[in-house]
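Bear in mind the structure is a predicted one, so any value in this text is a computation, not a measurement. Atom set for the values below is all heavy atoms of this structure, side chains included, hydrogens, waters and symmetry mates excluded.
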Amino acid sequence: MSHRVPFASEGLSADAVSQRLRDFARQDTDAVRDVGFARRFFAAPDVSAIAAEAYGMFAHAGRVSSYPGLPQPPGIRQMQGELQQWALELLEAPEGTTARLTSGGTESVILALRACLQSMEPADGVPEIVAAWSAHPCIDKAAALLGARLIRVPVGPDHRSDLAAMAAAITPQTRMLYISFPSYAYGLEDDVVAFGALARERGLWLHVDACMSGFLAPFQRMNGEAIPPCGLNVPGVSSMSADFHKHGYAAKGASVLLLADEPAQAIDFVYSDHPLPTMATETLAGTAPGAPLASAWAVMRYLGVDGYRRLAHDLSTARHAFVEAVNAVPGFAVLGDPLFSLVVVTSPCHDMKLVHRRMARRGWFTLAVREPPGLHLGIGAGDGPLAGRFAADLRAVGEEL
């Protein structure tokens, strides 16, 4: 058991507390200062400062009142409304789409499944979700919480969701198809148009997890990159999740769920059988924090389209540099053709568990991919200059092995 720190009887001065906080922050910064990929979703110091300032200013603000009819804070309400409108515009949502602001991709997926189960005809038995093996575990969490059964099927040879395999897994109990744009595991996007057609044909709900690309892909398209369609403008897509706190560069805890208009009210939580007035919330939290949304609003307003396009350009340049550098190292290759910020490095001849450990010793933060064995890289807009050093270390580790 760790040593217990007693709670002090006397408080510290405000200056002393601030100094301790700066010390803690410095420890965290120093711990990752020279670690490659340690700061994921980092745009620049000025962007982080704007995000933090807005978060602090609204640290005690709630998003909306849980009791209809009570006064709403006009400032946070306006920011919330503008964030919703910006999300609808950037994600090319058709008229009638509803945007709900959430705490992250996991909450968005839970609410999407709730909307699916509430609005569709009940299953004769346990409702089922069909997803690829590459799907993010948030769908497992959603299924466990809402009493559904998740059916995972193998990915195709290209490590994307296999249309035929998922179609074959559909049963009379199936209510949702879940796909990724891209998958967090491999950084490769699923064919949203093809799955939209399958969902329409079978009368199923299709959720697109675009948490990684939601606020990156629109600006890549503006820069002329060929990014396939992925949202509710694709026929057959019922819901989509995208995170402001990833490539929107907001402070943690800000995401958006887009829903077809008709079932949008199905995710509301409304309770009247208690002594106080009716409690109604649009998301899971009873007291939903406003600070993350203020942070998202501030960063988006600070960067604007031009700022996001610049960051998207820099990130794509960095990704191309890493792909080219890795593919030039004997014995290693990048998995597929990634379009966004995630890159997986594999090898037909090296033990990637050993590669992972030895690259960590050389100062690289990567996740270990189990199948196929590989390194999972999260590349940022400012990481382009690291490509050469990464490839040199990878080459050295390969020679050691």
Side-chain angles (χ1 to χ4, degrees), residues 17-18 20-33 35 37-64 73 75-87 90-91 99-109 111 138 184 210-216 218-219 241-257 282-305 307-308 310-312 314-315 341 365 378-383:
V17 170
S18 295
R20 291 298 305 278
L21 289 172
R22 286 193 292 270
D23 291 342
F24 289 138
R26 190 178 303 110
Q27 291 176 33
D28 288 353
T29 300
D30 291 346
V32 300
R33 184 183 305 280
V35 179
F37 310 132
R39 294 195 296 179
R40 294 190 170 193
F41 315 118
F42 176 75
D46 58 326
V47 177
S48 296
I50 287 288
E53 180 185 17
Y55 199 102
M57 290 176 67
F58 288 86
H60 296 287
R63 274 184 263 169
V64 293
I76 198 71
R77 192 172 188 83
Q78 180 172 342
M79 286 189 287
Q80 179 174 328
E82 291 185 4
L83 277 176
Q84 290 169 315
Q85 293 303 312
W86 296 341
L90 292 170
L91 300 176
R100 292 289 173 89
L101 301 178
T102 72
S103 63
T106 296
E107 184 181 15
S108 292
V109 168
L111 293 175
C138 65
Y184 189 74
C211 289
M212 284 299 306
S213 71
F215 293 101
L216 174 60
F219 305 104
S241 49
D243 286 351
F244 293 108
H245 60 226
K246 289 189 170 68
H247 296 299
Y249 303 108
K252 295 292 188 292
S255 181
V256 65
L257 170 65
E282 295 183 344
T283 55
L284 293 178
T287 303
L293 301 185
S295 172
W297 183 94
V299 171
M300 295 193 79
R301 194 63 192 86
Y302 178 68
L303 287 173
V305 169
Y308 277 112
R310 182 177 63 254
L311 287 166
D314 292 348
L315 197 155
S341 62
F365 173 74
I379 297 172
D383 288 343

From [X] [atom1] over to [Y] [atom2], what is the distance, rounded to the nearest 0.5 angstrom?
{"X": "His245", "Y": "Ser103", "atom1": "NE2", "atom2": "OG", "result": "8.0 Å"}
{"X": "Asp383", "Y": "Asp314", "atom1": "CG", "atom2": "CG", "result": "10.5 Å"}
{"X": "Lys246", "Y": "Lys252", "atom1": "NZ", "atom2": "NZ", "result": "8.0 Å"}
{"X": "Gln84", "Y": "Leu293", "atom1": "CD", "atom2": "CG", "result": "9.0 Å"}

Would you confirm whether Tyr308, through its side chain, and Gly248, through its main-chain N or O, come within 3.5 Å as a donor-acceptor pair?
-> yes
So, does Ser255 use its side chain to make a donor-acceptor pair with the main chain of Ala242 at under 3.5 Å?
-> yes
With a 4.5 Å heavy-atom cut-off, do [X] and [Y] have their side chains touching?
{"X": "Ser341", "Y": "His247", "answer": "yes"}
{"X": "Phe41", "Y": "Met212", "answer": "yes"}
{"X": "Phe215", "Y": "Leu90", "answer": "yes"}
{"X": "Leu83", "Y": "Val256", "answer": "no"}
{"X": "Trp297", "Y": "Gln78", "answer": "no"}
{"X": "Met79", "Y": "Phe58", "answer": "yes"}
{"X": "Phe244", "Y": "Leu101", "answer": "yes"}

Can you name the nearest heavy-atom pair linking [X] to [Y], along with the distance?
{"X": "Leu284", "Y": "Glu107", "result": "N-OE2, 2.8 Å"}
{"X": "Pro218", "Y": "Leu91", "result": "CG-CD2, 4.4 Å"}
{"X": "Asp243", "Y": "Gly104", "result": "OD1-C, 3.8 Å"}
{"X": "Tyr249", "Y": "Ala381", "result": "OH-CB, 4.4 Å"}
{"X": "Gly105", "Y": "Cys211", "result": "CA-SG, 3.5 Å"}
{"X": "Gly62", "Y": "Ile76", "result": "O-CG2, 3.4 Å"}

Heavy atoms from other residues, nucleotides or ligands near CD of Glu82 exceed 12 (cutoff 6.0 Å) | yes
Is it the case that Ser108 and Thr102 place a side-chain donor and acceptor less than 3.5 Å from each other?
-> yes
